[in-house]
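Chain identifiers are assigned alphabetically (A, B, ...) following the order of the sequence lines, protein sequences preceding nucleic acid strands; residue numbering begins at 1 within each chain.
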Amino acid sequence: MEEKLALMIEAAGENSERALAKLISHVEDRKTGWKDIMKTIYAKTGRTCVIGVTGSPGAGKSSLVGEFAKRLGDRGYTIGIIAVDPSSPFSGGAVLGDRIRMRDISTYQNIFIRSMATRGMLGGLCQAARDVVRIMDFAGKDIVIIETVGVGQDEIEVVSAADYVMLVTYPGGGDSVQAIKAGVMEIGDLFVVNKCDREGADIIVSEISAMLDLSTETAAKIPPVIKTSAFTKEGIDELMDILSEFIQKKKKGPHYQKDHVRQEVISILETEMVSIIKERITGNGNMEKELELILSGKSDPYSIADKLMKRFTVIKNVEEKRKGDFQ
Amino acid sequence: MGQDSKIRVLVAKPGLDGHERGAHVVAYGLRDEGFEVIYTGLRQTPEQIVSAAVQEDVDVIGLSILSGAHLTLTKKVMAGLKAKGANDILVTVGGVIPEEDKKTLEEMGVGGVFTSGSKIKDIAAFIRTKIGGNA
Ligand SMILES: Nc1nc2c(ncn2[C@@H]2O[C@H](COP(=O)(O)OP(=O)(O)OP(=O)(O)O)[C@@H](O)[C@H]2O)c(=O)[nH]1
Ligand SMILES: [Mg+2]
C-alpha cells in the first residue's frame, strides 16, 4: 500500500479527526487503494454498536439523533454519526442538511458527524455506507449512528445492516403508518412516534402496536413502540433506557454475525459485478452494433445478452491464461 | 477508479443575522451545478464551522455574511482552520462586502469574494478552476 495511505490509517487510528475524514473520503470516492484500506482495518473492527435510524421524510430523525447522541456523548461514549441524503438524479449534486439539527453536538470532542450523499450508486450505497461505518469503528467509536430517509430500497438496506434499527414516524405525516407498512416494518427493533407534542400521537402508537400484534408470532418478540418529542423532550428518557440496554447487550455479544457477513460478501460481489458490466460489457460502445441487430429484426435482447456474456467469459479466460503463462 | 469523486462544499452562515435566503440560493444552486453541499443552517459559530469543515472533508467553505462582521468572523474561521491543519481548504466569502474590505479578506487567505450580485454559474466555475475534478 502507498505510504500516504498507511500514514492516514495510522493517524485515523490515533484520534486524528482530519485523517479520519480523509480516509472516509478516499473510500467513499473509491479512489485507488480503497480496498487495501478496508482490508487493512478489518481485523480491528466489529466492536462498535451500530444504530440505524430511518423513517418518513421530516419525521424528526436528525433532531432525535442529535438529542440522543448528545446524551450518549455526555455519558462518555465516543460516537460517529453518518447522515445519508439523496443525490439529485438530475445534477448528481446534493444538499446535505442533517447537521442543521445537530448543531449542539457539532463541537463535541467525542462526536464525529459525517454527511453522505447516495450518489446514485446502484445498490452500491449500502456497501459504501457500511465501509464508512467500519472506518469509524476502526477509529474507535463506541457507537455509530446511521440515518437514512426510509424511502428507497437502498436506504432501507443501509439501516437494515445495523445492529439495531429505529423506525421514526410522526402524527400529521398523513401516510405515517402507511410509510412504515411498506416493507420496512420487519426490520424495526424499536418504533418511535416523534412530535408527540402535536395531536394524534397516541392514535398512531396504537395503530402501529396493532399492526405489530398481527404480524409478530410471539408476544416476546414484539418491538417496543414509544412516543417522543425532540422539542419538549418527552419520552427521551425512555428512549435512552432502551438504547442503553441494547448497547450493553451488544458489548457482550459476538463481533460479527454469520448472516451479516454473508450478506456483505454478496453485496460486495454485486457491486463489483455491476461495475464490470458497465465498464467491460455494455460500456465503451461494446454493444452498439448488437443493438442494431435487434432493431433490424435480426436478433432479440435475450440472445444479445447471452452473446455478450459469453464474449466476456471468453475474454476473461484468455486473460487468465496469459497471466498464467507469465508466471 | 475514483470516478465517484465529488467536490464538497460547506455553505455556512456565521454571525447573528437571520437572513437565510442568500445562503439557501447558493446551496441549492451549487447542488444543481453538481456539487455536494453541506448546509449547516443559521448562526454558526466559527468553531462549529471549522469542525464541520474538517469532519465533512470539504474542498471549499462558502461563508455567507450579511451582518457586517465579515472581517472578525472570517479571521476566526481562518485561524481555526490553521489550528486544525486544514488551511488548504478553499475559503470563499459572500454577502454584503464593501469593496475596501475585499483586499483585507484576501490577505487573510480568502480565495474568493462574491458580493450579492454574483451568479451561481460564476461561483461554480470559480470553484471548479480552483479545485479541479468532477462536478
Ligand atoms: N413539533 C415538533 N417538531 C419537530 C420535532 N422533531 C423535529 N421537529 C421538526 O420537524 C422538522 C424536521 O426535523 P428533522 O429532524 O430535520 O427531520 P428528519 O426526519 O431528519 O428530516 P429529513 O432528514 O429531511 O427526512 C424540523 O422543522 C424540526 O424542527 C418534535 O418533536 N416536535
Ligand atoms: Mg434528517
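- With A/Ser106 contributing its side chain and B/Gln48 its backbone, the two residues share no donor-acceptor pair below 3.5 Å.
- Looking at heavy atoms from C-beta onward, A/Leu96 lies out of side-chain contact with B/Tyr39 at the 4.5 angstrom threshold.
- Interface remark: of the candidates A/Arg103, A/His26, A/Arg101, A/Lys22, A/Arg103 forms the most heavy-atom pairs closer than 4.5 Å to chain B.
- Remark: the B/Glu56 side chain and the A/Ser115 side chain contain an N/O donor-acceptor pair separated by less than 3.5 Å.
- Ion pairing between a basic and an acidic side chain is recognised when a charged N comes within 4.0 Å of a carboxylate O; B/Arg8 and A/Asp29 show no such pairing.
- Contact tally against chain B (heavy-atom pairs below 4.5 Å) for A/Thr107, A/Val95, A/Asp98: the top residue is A/Val95.
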Please report the C-alpha distance between A/Glu28 and B/Lys6 in whole Å, then the side-chain angles of each, then the deciding distance to 0.1 Å, and finally whether the salt bridge (Lys or Arg N to Asp or Glu O under 4.0 Å) criterion is met.
-> CA-CA 10 Å; A/Glu28 189 189 7; B/Lys6 285 264 171 210; over 6 Å; no

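- Neither the backbone nor the side chain of A/Phe90 comes within contact range of chain B; no heavy atom of the residue lies under 4.5 Å from a heavy atom of that chain.
- For A/Arg99 and B/Gln55, the side-chain atoms include at least one donor-acceptor pair closer than 3.5 Å.
- Atom CG of A/Asn15 sits in a sparse spot, with 12 or fewer heavy atoms from other residues, nucleotides or ligands closer than 6.0 Å.
- Shown here is A/Lys233, whose NZ atom has more than 12 heavy atoms of other residues, nucleotides or ligands within 6.0 Å.
- For CD of A/Glu3, the number of neighbouring non-hydrogen atoms (other residues, nucleotides, ligands) closer than 6.0 Å is 12 at most.
- Closest non-hydrogen pair, A/Ser88 versus B/Arg31, comes out as CB-CD, 4.2 Å.
- Only the backbone of A/Ile111 has a heavy atom closer than 4.5 Å to any heavy atom of chain B.
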Evaluate side chain to side chain donor-acceptor pair (under 3.5 Å) for B/Asp57 paired with A/Ser25, printing each intermediate quantity in order.
-> CA-CA 7 Å; B/Asp57 189 28; A/Ser25 302; 2.5 Å; yes

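- Distance CD1/A/Ile100 to CD/B/Gln44: 9.0 Å, rounded to 0.5 Å.
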Verdict with supporting geometry, B/Lys84 and A/Arg18, side-chain contact (heavy atoms from CB on, under 4.5 Å) | CA-CA 8 Å; B/Lys84 294 223 178 183; A/Arg18 182 107 171 114; 5.7 Å; no

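- At most 12 non-hydrogen atoms from other residues, nucleotides or ligands lie less than 6.0 angstrom from CD of A/Gln109.
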